A.B. asks: 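Sharing a structure below in structure tokens format, with a few things to ask.
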Amino acid sequence: MKQEDIFQINDEDYFDNPYKFEDSVLDKQFQKNTLGIFIGCPKFIDIETKKHLPMLFYECRTFKDIRFFPLSDFAVISVTDLDRGKVHTNLLEPMVDEPIEPEPERPTADSLIPEGRAAQFGVYDLRNLLQMRWVRSNLLVTLFLHDQYSNRVFLSMGETGDTPESIRDAVLADLEKYQYGSATIPDIILYPQYEKQENSPDVPEQTGIVLRSDPSFTIENDDPYNVYGSFNLQAFDHELIPESDEHNFSAVVPLTFIISGSLQGVIGTMNVSTPAQLNTEKNAHTVGYFTLDLKKHFQFYEEPQEVIVYVSSRAHLNSLTFLIED
């Protein structure tokens, strides 16, 4: 995972015409042959004086990669509220209501694509793009582009004098009123199955998420496209369930799914609250399982393609890839 901040500018520069850095960033990174996608955000935003959440974007990719995986079809921006467990996602370049031009034909493997690479620089306002609440928050920003994702940027929003620790304390104190009762299991669970299945991976020893699926699925049958997962995750007090809960779960933890197809582009995203059990043998975290039938909840082209599934919870992230075949 890339961690480098290639922009190297201070917080105020993000608000004071960040396009003035475009030429220097493009020249420096292109000369260094820095391939990939990169983002940058201020480390701290004063919510009393600032009205935007600026994100700088730089990409340098081969012509082939740009042709087959354009930003307009494949780029998803994700902002995770690390304390509340909420996630905001959207296409980096949202579709207009009515396309101005007909959709171009998808390139084929035989298309003539020149060798070489190209770079571009952009600035986005994530508050506007994601319709975010303007409140004290510790956030994690990630840009996904099919089988690659950017460096992950941590930032805080608060008032003058706030620190990430003081913001977290204030958020969790506000959530205490919901403690031991805010988290509930729906009477009818519409999304993943939460019981351990025969194909479920073992719960990881360390904090994180483990995924498993078949390496490929066939289009022309009714078999599900199942992704199996297990996790070992921290649950906050507001995510705990009363001991008397009839479902015999101890907590509900957030999971986010992002699904992308090599032919289809972004197939969809899903945020779910996942039942879990407290387990003192796993660092006093919660452990649990999920099974998600992607075919049941998302529309897939009836053509062969590679599919990648990202699953995250707060700062923890994992992915798997499978093929859809004839």
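Predicted, not measured: the structure shown is a model, and the values here were computed from it.
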A.B. asks: Kindly indicate whether the side chain of Asn318, heavy atoms from C-beta on, has any atom under 4.5 Å from the side chain of Val311.
C.D. replies: no
A.B. asks: Compile the donor-acceptor pairs under 3.5 Å between side chains in residues 52-60 and protein atoms, sequence neighbours left out, one pair per line.
C.D. replies:
residue: His52; atom: ND1; partner: Asp125; partner atom: OD2; Å: 2.9
residue: Glu59; atom: OE1; partner: Arg61; partner atom: NE; Å: 2.6
residue: Glu59; atom: OE1; partner: Arg61; partner atom: NH2; Å: 3.1
residue: Glu59; atom: OE2; partner: Gln120; partner atom: NE2; Å: 2.5

A.B. asks: Kindly give the heavy-atom pair with the smallest separation between Tyr289 and Ser200, and that separation in Å.
C.D. replies: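 Minimum heavy-atom contact is CD2-CB, 3.8 Å.
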A.B. asks: Report yes or no: do Phe69 and Ile66 belong to one cluster of Ile/Leu/Val/Met/Phe/Trp/Tyr joined by side chain heavy-atom distances under 4.5 Å?
C.D. replies: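 Shared cluster, no.
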A.B. asks: Please find out if less than 6.0 Å separates the ring center of Phe121 from that of Phe38.
C.D. replies: no
A.B. asks: Would you confirm whether Asp174, through its side chain, and Val171, through its main-chain N or O, come within 3.5 Å as a donor-acceptor pair?
C.D. replies: no
A.B. asks: For the backbone of Trp134 and the side chain of Arg127, can you confirm whether one donor and one acceptor N or O come within less than 3.5 Å of each other?
C.D. replies: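 Between the backbone of Trp134 and the side chain of Arg127 there is no qualifying donor-acceptor contact (under 3.5 Å).
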A.B. asks: Indicate yes or no for a side-chain donor-acceptor contact from Gln277 to the backbone of Val287 under 3.5 Å, with no hydrogens or angles considered.
C.D. replies: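 Here the side-chain-to-backbone pair does not exist.
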A.B. asks: Ignoring hydrogens and geometry beyond distance, is a side-chain donor-acceptor pair present between Thr291 and Asn226 at under 3.5 Å?
C.D. replies: no
A.B. asks: Check the pair Arg136, Met157 against side chain to side chain contact (heavy atoms under 4.5 Å, CB included), reporting the backbone distance first and the verdict last.
C.D. replies: CA-CA 5 Å; Arg136 282 172 153 177; Met157 303 197 313; over 6 Å; no
A.B. asks: Does the pair Phe15 and Lys50 meet the rule for a side chain to side chain contact (heavy atoms under 4.5 Å, CB included), with working shown?
C.D. replies: CA-CA 8 Å; Phe15 297 94; Lys50 306 299 184 186; 3.9 Å; yes
A.B. asks: In terms of hydrophobic clustering (I, L, V, M, F, W, Y; side-chain heavy atoms under 4.5 Å; direct or indirect links), are Tyr124 and Val87 co-clustered?
C.D. replies: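 Different clusters.
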A.B. asks: Quick one: are Phe290 and Phe257 in side-chain contact, heavy atoms under 4.5 Å?
C.D. replies: yes
A.B. asks: Which residues pass the side-chain hydrogen bond (donor to acceptor under 3.5 Å, both in side chains) test with Arg133, sequence neighbours left out?
C.D. replies: none
A.B. asks: Between Ile209 and His316, which heavy-atom pair has the shortest distance, and what is it?
C.D. replies: CD1-O, 4.1 Å
A.B. asks: Taking Pro254's backbone N and O only, do any of them form a donor-acceptor pair with Ser313's side chain (distance below 3.5 Å, no angle check)?
C.D. replies: yes
A.B. asks: Look at the side-chain heavy atoms of Ile, Leu, Val, Met, Phe, Trp and Tyr, link any pair under 4.5 Å apart, and say whether Leu126 and Ile39 land in one connected group.
C.D. replies: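 As far as the 4.5 Å side-chain criterion goes, Ile39 and Leu126 are connected within one cluster.
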A.B. asks: If only side-chain N and O atoms count, and only distance matters, is there a donor-acceptor pair under 3.5 Å linking Asn232 with Thr207?
C.D. replies: no
A.B. asks: With sequence neighbours left out, what residues match Thr218 under side chain to side chain contact (heavy atoms under 4.5 Å, CB included)?
C.D. replies: Asn221
A.B. asks: So, for Ala75 and Leu145, which heavy atoms are closest and what is the spacing to 0.1 Å?
C.D. replies: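 So the two residues come closest at N-CD1, 3.7 Å.
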A.B. asks: Walk me through it: do Leu140 and Val79 pass the test side chain to side chain contact (heavy atoms under 4.5 Å, CB included)?
C.D. replies: CA-CA 6 Å; Leu140 172 62; Val79 176; over 6 Å; no
A.B. asks: Measure the spacing between OG of Ser78 and CZ of Phe144 and express it to the nearest 0.5 Å.
C.D. replies: 5.5 Å
A.B. asks: In chain order, what residues pass the side chain to side chain contact (heavy atoms under 4.5 Å, CB included) check against Asn17, with sequence neighbours excluded?
C.D. replies: Tyr19, Lys20
A.B. asks: Counting only heavy atoms not in Lys51, do more than 12 fall under 6.0 Å of its NZ?
C.D. replies: yes
A.B. asks: Flag yes if Phe74 and Leu323 sit in one hydrophobic cluster, no otherwise; membership is Ile, Leu, Val, Met, Phe, Trp, Tyr, and two members link when side-chain heavy atoms are under 4.5 Å apart.
C.D. replies: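 Different clusters.
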A.B. asks: Please name the pair of heavy atoms, one in Leu211 and one in Gly229, separated by the smallest distance, quoted to 0.1 Å.
C.D. replies: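 Nearest pair, atom of Leu211 first, then Gly229: CD2-CA, 4.3 Å.
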A.B. asks: Can you name the closest pair of heavy atoms from Phe63 and Ala118 and give their distance?
C.D. replies: CE2-CB, 3.7 Å
A.B. asks: Tell me, do Pro204 and Ser230 make a side-chain contact under 4.5 Å, heavy atoms counted?
C.D. replies: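 Yes. Closest side-chain heavy atoms under 4.5 Å.
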A.B. asks: Checking Val266 now: which residues fulfil side chain to side chain contact (heavy atoms under 4.5 Å, CB included) with it, not counting sequence neighbours?
C.D. replies: Val76, Leu91
A.B. asks: Would you tell me whether Thr62 and Arg117 have side-chain atoms, one donor and one acceptor, within less than 3.5 Å of each other?
C.D. replies: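 No.
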A.B. asks: So do Val253 and Phe236 actually touch side chain to side chain, heavy atoms under 4.5 Å?
C.D. replies: no
A.B. asks: With a 6.0 Å cut-off (strictly less than), is the heavy-atom count around CD of Gln299, excluding the residue itself, greater than 12?
C.D. replies: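 Atom CD in Gln299 is not crowded, with 12 or fewer foreign heavy atoms closer than 6.0 Å.
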A.B. asks: Is the Tyr225 ring parallel, tilted or perpendicular to the Phe217 ring (thresholds 30°, 60°)?
C.D. replies: tilted
A.B. asks: Answer yes or no: is there a donor N or O on one side and an acceptor on the other, between the side chain of Arg314 and the main chain of Leu82, under 3.5 Å?
C.D. replies: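 Side chain of Arg314 to backbone of Leu82, a donor-acceptor pair under 3.5 Å: yes, one is there.
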A.B. asks: What about Leu317 and Val210, same hydrophobic cluster or not, with Ile/Leu/Val/Met/Phe/Trp/Tyr joined at side-chain heavy-atom distances under 4.5 Å?
C.D. replies: no
A.B. asks: At what distance, to the nearest 0.5 angstrom, does OG1 of Thr256 lie from CG of Asn271?
C.D. replies: 4.0 Å
A.B. asks: How are the rings of Tyr149 and Tyr310 set relative to one another: parallel (under 30°), tilted (30 to 60°) or perpendicular (over 60°)?
C.D. replies: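 If you compare the ring of Tyr149 with that of Tyr310, the planes turn out perpendicular.
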A.B. asks: Taking C-beta and beyond as the side chain, do Leu139 and Asp81 meet within less than 4.5 Å on heavy atoms?
C.D. replies: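 Contact flag for Leu139/Asp81 side chains = yes.
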A.B. asks: Whether Glu239 and Arg84 form a salt bridge (side-chain N of Lys/Arg under 4.0 Å from carboxylate O of Asp/Glu) is what I want to check.
C.D. replies: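 Judged by the 4.0 Å cut-off on N to carboxylate O distance, Arg84 and Glu239 do not form a salt bridge.
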A.B. asks: Check this for me: Asp202, atom CG, are more than 12 non-hydrogen atoms of other residues, nucleotides or ligands nearer than 6.0 Å?
C.D. replies: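 12 or below, so no.
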A.B. asks: Measuring only between side-chain heavy atoms, which start at C-beta, is Asp237 closer than 4.5 Å to Leu172?
C.D. replies: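 No - every pair of side-chain heavy atoms lies 4.5 Å or more apart.
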A.B. asks: Among residues at least two apart in sequence or on other chains, which ones pass ring pair (Phe, Tyr, Trp, His ring centres under 6.0 Å) with Phe21?
C.D. replies: none
A.B. asks: Return yes if some donor-acceptor pair links the side-chain N/O of Thr286 with the main-chain N/O of Leu233 below 3.5 Å, else return no.
C.D. replies: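 Yes, because the side chain of Thr286 sits within donor-acceptor range (under 3.5 Å) of the backbone of Leu233.
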A.B. asks: With no hydrogens and no angle check, do the side chains of Glu306 and His146 hold a donor and an acceptor under 3.5 Å apart?
C.D. replies: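 Present: a donor and an acceptor within the cut-off.
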A.B. asks: Can you check whether Leu143's main-chain N or O pairs, donor with acceptor, with Ser150's side chain at less than 3.5 Å?
C.D. replies: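 The answer is yes, because a donor-acceptor pair under 3.5 Å joins these two groups.
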A.B. asks: Test your reading of the model: is there a side-chain donor-acceptor pair from Gln305 to the backbone of Gln264, 3.5 Å cut-off?
C.D. replies: yes
A.B. asks: Minimum heavy-atom separation for Val203 and Gly288, please, with both atom names.
C.D. replies: CG2-O, 4.3 Å
A.B. asks: To the nearest 0.5 Å, how far apart are CD1 in Ile267 and CG in Leu294?
C.D. replies: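 Ile267 atom CD1 to Leu294 atom CG measures 8.0 Å (nearest 0.5 Å).
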A.B. asks: Between the side chain of Lys295 and the main-chain N/O of Asp223, is any donor-acceptor distance below 3.5 Å?
C.D. replies: yes
A.B. asks: State whether the side chain of Gln197 and the backbone N or O of Glu195 hold a donor-acceptor pair below 3.5 Å, judged by distance alone.
C.D. replies: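 Yes; at least one donor-acceptor contact below 3.5 Å.
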A.B. asks: Rounded to the nearest 0.5 Å, how far apart are OG of Ser319 and CD1 of Ile259?
C.D. replies: 12.0 Å
A.B. asks: Sort out for me which residue in Thr160, Asp11, Thr163 forms a side chain to side chain contact (heavy atoms under 4.5 Å, CB included) with Phe44.
C.D. replies: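 Of Thr160, Asp11, Thr163, side chain to side chain contact (heavy atoms under 4.5 Å, CB included) with Phe44 is met by Asp11 alone.
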A.B. asks: Would you please test Leu155 and Val141 for side chain to side chain contact (heavy atoms under 4.5 Å, CB included) and show each step?
C.D. replies: CA-CA 8 Å; Leu155 69 115; Val141 184; 3.6 Å; yes
A.B. asks: For a 4.5 angstrom cut-off between non-hydrogen side-chain atoms, does Pro215 reach Phe322?
C.D. replies: no
A.B. asks: For a 4.5 angstrom cut-off between non-hydrogen side-chain atoms, does His285 reach Phe231?
C.D. replies: no
